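Written below as structure tokens is the structure these notes are about.
Whatever order the structure lists them in is the order used to number ligands and atoms, beginning at 1. Since we're looking at a predicted model, the values are computed, not measured.
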Amino acid sequence: MSRLAVDGGTPVRTTPLPTVLDPAGRTFGAEERAAVLDVLDGAVLNSSAGGPWLGDLEATMARLHGVPHAVASSSGTAALHLAVAAIDPEPGDEIITTPLTDFGTIAAILAQNAVPVFADVDPLTGNLDPASVEAQLSERTRAILVVHLFGAAAPVTELRALADRAGVALIEDCAQAYLARPAPDAPPVGTYGAVGCFSLQQYKHVTAGDGGLCVTSDAATAERMRLFSDKAWPRAEGRFHRFLALNYRMTNLTAAVAAVQLRRLPDVVERRRRQAARLLTAVGDLPGAHLPDRPDLHAWWVLPLVVDEGHRRWAKALTAEGVPAHAGWLQSPVYRYPVFTERRTYGTSGFPLTSPPARRDWTYPVGLCPRAERLIDDTLVVLQWNENYADADVDDIAAALTKVAAGLTRTAA
Ligand SMILES: *Cc1c(COP(=O)(O)O)cnc(C)c1O
């Protein structure tokens with residue numbers, strides 16, 4: 001067994017892998033260029049002024065998900081805010097969610113004056129544990145906001161049943177999980193809740209720089225989200241504003257790029273799946289570590305590796321082999337950010353995390369969600385994944401994983 005690069009051995013790989021910040025790791029082509037020029041040549045860069053690309057993008061998104069409505073917005077965070085605003089919670093109402101997510105999930109809840117209530121996650125997938133969600137239900141719960149983490153579908157069938165029993169809404173944050181499925185032949189994520197939310201930000205499967213999309217089967221929900229993204233201005237009826245809402249419009253320029261990118265999405269996900277399957281076959285059972293086991297269902301936003309312990313040693317050793325890896329993903333669970341620990345919300349009020357309007361003063365101590373904390377502090381390692389990986393790239397990643405697993409478990413023994 002060769003010496004690990006971290007201990008002075010020869011690295012598996014010395015050339016960088018393609019990434020989402022690099023033309024080699026993106027799927028932009030002649031069609032995106034033509035779409036951008038089409039918008040510029042037409043002089044209408046805004047979509048509410050009649051730019052044609054928004055309708056194209058929304059129709060493609062709806063068709064991909066087999067639902068009647070899609071609503072575009074300016075970011076994934078905006079898309080989530082549209083979904084929460086469509087639920088229209090009272091200040092202090094509660095939305096149960098995960099502490100293992102992008103802050104956009106949480107900002108959408110707080111911005112609409114609702115309280116994020118954190119449930120714990122599965123120790124291997126990092127996705128919400130339905131039993132923990134059920135334990136957090138209260139008479140103030142208005143919704144469950146589930147995140148499909150890293151590309152793996154969360155247990156949405158169970159969560160939908162739970163939400164229905166409790167009489168609350170289910171919202172899905174699908175920003176990392178385009179076209180992921182909870183089971184073979186099941187519909188894609190985003191179609192199990194009242195609204196599915198997606199992001200077109202630079203780091204996602206397809207991108208227009210920034211942008212957001214919501215899908216829904218309910219016409220009234222779609223209409224309310226559409227209004228919320230345009231200052232609640234019912235343009236066909238006159239110049240007045242129905243309720244408090246913001247400007248979250250997507251521009252025609254963004255919509256043009258996004259519409260073309262979305263046509264590439266099924267192929268992007270398929271290629272990520274194919275290369276993930278190659279990797280899983282190549283590594284087999286890794287001592288001391290666990291990879292997702294369904295390449296055909298996962299969307300492979302990243303490659304999450306859950307190790308028995310010592311995630312920093314794994315990340316350092318893999319990075320030294322030429323395969324960049326990050327320990328823990330987040331620095332802390334979301335509830336340990338200053339927004340919660342110091343209640344940095346609206347001025348010094350602590351609103352809406354204090355009573356009233358909340359039913360109690362909410363606090364966010366260490367230990368609130370122990371399984372999420374353990375993933376961040378000890379067991380979760382995140383590797384990048386990309387649809388443009390060549391077979392040789394995947395084989396290098398497999399070789400690095402196998403080498404590091406053997407090296408680290410031998411040291412431990
Ligand atoms: C990226 C992301 C968001 C936010 O999307 P933006 O477009 O960056 O606002 C929300 N939730 C999750 C899970 C994400 O990965």
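- Protein residues with any heavy atom under 4.0 Å from ligand 1: S75, G76, T77, L80, T101, D102, T105, V147, D173, A175, Q176, S199, Q201, K204.
- Within the 4.5 Å cutoff, side-chain heavy atoms of D164 are placed close to those of R160.
- When side chains are defined from C-beta on, H326 does not count as touching V302, because their heavy atoms never get closer than 4.5 Å.
- A cation-pi geometry, defined here as NZ or CZ lying under 6.0 Å from the six-membered ring centre and within 45° of its normal, does not hold between R312 and W314.
- A 4.5 Å side-chain heavy-atom check between R374 and P123 finds every atom pair outside the cut-off.
- D391 and Q275 form a side-chain donor-acceptor contact under 3.5 Å, judged by distance and modelled atom types alone.
- Aromatic rings of H65 and F198 (six-membered ring for Trp) have centroids within the 6.0 Å cut-off, being under it.
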